[in-house]
Structures are given as C-alpha cells and as structure tokens.
Amino acid sequence: MSTAPASVAVLGLGSLGTALADAFLAAGHRVTVWNRTAAKADGPVARGAARAASPGDAAEAAGLIVVCVLDYRAATLLVEEAGPRLKGRTVVNVTNGSPGEARVLAERVAALGAEYLDGGVMAVPAMIGGPEALVLYSGPEEAFARWSGVLEAPARPVHLGTDPGLAPLADLALLSGMYGMFGGFFQAAALVRSAGLPVAGFTEDLLLPWLRAIGGILPGMAAKVDSGDYSATGSTLAMQVSHDSIGDVSRAQGVSTELFAPVFELMRRGVAAGYGDGDMAAVVELLGRRSASRAG
Ligand SMILES: NC(=O)c1ccc[n+]([C@@H]2O[C@H](COP(=O)([O-])OP(=O)(O)OC[C@H]3O[C@@H](n4cnc5c(N)ncnc54)[C@H](OP(=O)(O)O)[C@@H]3O)[C@@H](O)[C@H]2O)c1
C-alpha cells in the first residue's frame, strides 16, 4: 500500500459500491459499509469490513465517506440522513449525475461542515482495482490532495478542478466519445455483414488497428479547436464531403444511413459556413459556443 491505512466508509453496495469497498479493503484500509438493503453488506463484511446500522453511523466511523448509489436523489437522502454527523469529514460522491446536481449537493455538504468531492467513475466494476480504471474528481484541491493516496486503491484518481460540476461533465464527454466510436462500429459492422464478410475478423484485423492509428490525429484536431485556427494540415473539410460514398454504398447494400447521415450533414453545413478549406475539426464550431464559464 502506498499510503497509511485510513478509515473509509462506503454508502451504497450495488455492483460498483461493492467493488469500491473491496478495493479499499484490499489496500489495507479500515472500511465501514452501509447499504439500504442490509444483506448486500454481508459480502464486504465477510471480507473484513465493519457493518454500520445507518449512514450516520458509517460516516462517524470514517474520515472519507464514499457515496455510490443509483442517483442524486438517493445520494441526497443519505447526506440528509447523516446530517451533522458528516462534520469535519470528506464526502466523495461517485453517483452519476449532472454538473448542476453535483454543485447543489456540494453546497449542502459544505453547509453541514464537510468537504465535497464529486467523482466520475470511468470503469465497470470488474475493472476496479485494475490498471485501466480511472476516476475523475472535482472539488477543493486540498481535499483531493489529502485523500488522493487513499483514492488510488480503486482507480487512478485525476483531479480536474475546483468546480464540483467538472467531473460529471468530463465523464459525459468521455462517454460521448465512446458512443461515437460505438456508432462507427455499428455502421462498419452492418456494411461488412451486408457483403457477407464475418464481422469478428474484420474488427480484429482491420477496424481496431485502423481506429488506433487514426486516433493519433485527435490531439492535433483538439489543438485546432482550442486555438480556433482550423488551417488544414492534410485533408480539407470540403474534400471529406465532396461525395457521399458511405451513404451511397450503404443505401445500395440495404444498410441504413441513420447513424452516418447526421455526421455527413454536419460536415456539409461546415462547408456552407465557410470552413471548407480548413480542417474538419471546424465542425465543433457548429455544435456550440466556446465559454469561459463553468460547466453547465
Ligand atoms: N456499474 C457501473 O458500471 C458503473 C460505472 C460508472 C458509474 N456508475 C454509477 O455508479 C452508481 C451506482 O451504480 P451501480 O452499478 O452500483 O448500481 P446498482 O448495482 O444498481 O446499485 C444501486 C445502489 O443504489 C442504492 N439505492 C438506490 N436507491 C436508493 C435509495 N433511495 N436510498 C438508498 N440507497 C439507494 C441501492 O440500494 P439497494 O441495494 O437497497 O437497492 C444500491 O446500493 C450509479 O450512479 C451508476 O450510474 C456505475
């Protein structure tokens, strides 16, 4: 273990909460658990956790309180139930929600005399404790600095900033990237299947290596979005939409274009808006404004 043993409470023992409690136990921390349906605590207790009779009892036994329940409504209920017993402690809420919900709960926790960090878990329960697991945090820097050694047990912790809304926003942005990739896979799979090719071999031998290689251009595109300088370094946006081969071939093969058509249409609008000679990253300008204000 890279840090001294700490007292950690885990409130909520669904699939993710149980994996988090187990990771803290495995790292040698003193873990107290509570779950609305008490029987779900049996596993962690058998593995060394202490059982608490209420969220307040769990909170009082620990310095770091991890909340992992279905939604913010449930998380808020637990915070209210623990109430003043949270005073002087740090609440880390990894329940999924919006930036606005994170800020409201952060204020409530602060009013109870506790610190609040919001967390976005970028892992499924089976990944917790493994090398690929990542949790995004936002909230007071001092709170993160104090607990980051303990928070390393379940996943690599990354602090994004003091606004508690940043972690949920970045969580959703990462999921947006993931769903975009899935959409591309769905279209590619339907196309190759329509030609009688097995999807598995195509994916393993061609699609995955292609996506890994082409992913390498993203940092360059990101720099263009940040600077607003969309000068083309290779392909222009106009070239990308000079023909609709993907749409044409999909239609000819009897494959729906419902996934690809909106992307193609956006790129065409980019040309109409005057970005044709530039890099395709310019389409980000059509999706929303740049803002210096905090995450909505
Ligand atoms: N699983 C994942 O892959 C994953 C990954 C990243 C983020 N997340 C997020 O992590 C959170 C937990 O996910 P999960 O997979 O652990 O969900 P889950 O297995 O469905 O567990 C839900 C948990 O919430 C509790 N709960 C629900 N309503 C409650 C209420 N009103 N009062 C008290 N407790 C309540 C449940 O208690 P009972 O046992 O009593 O029903 C249970 O402990 C969610 O926000 C999810 O979006 C999950």
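Whatever order the structure lists ligands and atoms in, that order sets their numbers, starting from 1.
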Nearest 0.5 Å, please: how far is CG in Leu191 from CG in Leu197? 10.5 Å

From Thr37 atom OG1 to Asp42 atom CG, the distance as rounded to the nearest 0.5 Å: 11.0 Å

Look at atom 8 (N) of ligand 1 and say which protein heavy atom is nearest, naming residue and atom and giving the distance to 0.1 Å. Leu16 CD2, 3.5 Å

Closest protein heavy atom (residue, atom, distance) for atom 5 (C) of ligand 1: Ala123 O, 3.2 Å

Ligand-residue contact atoms, ligand 1 with Pro125, heavy atoms, under 4.0 Å: 1 (N), 2 (C), 3 (O)

among protein heavy atoms, the one nearest atom 12 (C) of ligand 1 is Val69 O, 3.5 Å

Counting only heavy atoms, which portion of Leu13 has something under 4.0 Å from ligand 1: side chain, backbone, both, or neither? backbone

Identify the closest protein heavy atom to atom 19 (O) of ligand 1: which residue and atom is it, and at what distance? Ser15 N, 2.9 Å

May I ask you to identify the nearest protein heavy atom to atom 40 (O) of ligand 1, giving residue, atom name and distance to one decimal place in Å? Thr37 OG1, 2.6 Å

Salt bridge between Asp57 and Arg51, side-chain N to carboxylate O under 4.0 Å? no

side-chain contact (heavy atoms from CB on, under 4.5 Å), that's the test. Do Val92 and Trp147 meet it? Break it down for me. CA-CA 10 Å; Val92 170; Trp147 292 106; 5.8 Å; no

For ligand 1, which is the ligand I care about here, please tell me if Leu78 has any N or O atom under 3.5 Å from one of the ligand's N or O atoms. no

Quick one: sort the Tyr179 and Phe182 rings into parallel, tilted or perpendicular, breaks at 30° and 60°. perpendicular

What is the nearest protein non-hydrogen atom to atom 20 (O) of ligand 1, stated with its residue, atom name and distance? Leu70 CD1, 4.0 Å

Measure the distance from atom 39 (O) of ligand 1 to every protein heavy atom, then report the residue, atom name and distance (to 0.1 Å) of the closest one. Lys40 NZ, 2.6 Å

Show your reasoning for whether salt bridge (Lys or Arg N to Asp or Glu O under 4.0 Å) applies to Glu60 and Arg89. CA-CA 9 Å; Glu60 232 167 51; Arg89 292 164 168 79; 5.9 Å; no

What atoms of ligand 1 come within less than 4.0 Å of a heavy atom belonging to Thr95? 45 (O)

Can you find a protein heavy atom under 4.0 Å from atom 37 (O) of ligand 1? yes

With a cut-off of 4.0 Å, which atoms of ligand 1 are near a heavy atom of Val121? 6 (C)

With side chain to side chain donor-acceptor pair (under 3.5 Å) as the test, would you mind laying out the steps for Thr3 and Glu152 before giving the verdict? CA-CA 9 Å; Thr3 194; Glu152 269 170 21; over 6 Å; no

Apply side chain to side chain donor-acceptor pair (under 3.5 Å) to Glu107 and Tyr116, showing your working. CA-CA 8 Å; Glu107 278 172 25; Tyr116 180 89; over 6 Å; no

Distance to 0.1 Å, residue and atom name: give those for the protein heavy atom nearest to atom 43 (O) of ligand 1. Asn35 OD1, 2.7 Å

Whether Tyr275 and Tyr230 hold their rings parallel, tilted or perpendicular, with breakpoints at 30° and 60°: perpendicular

Heavy-atom pairs closer than 4.0 Å: do any link ligand 1 to the side chain of Asn96, the backbone, both, or neither? both

Nearest 0.5 Å please: distance from the CG atom of Leu237 over to the CZ atom of Arg269. 11.5 Å

What part of Arg36 sits under 4.0 Å from ligand 1 if we count only heavy atoms: the side chain, the backbone, both or neither? both

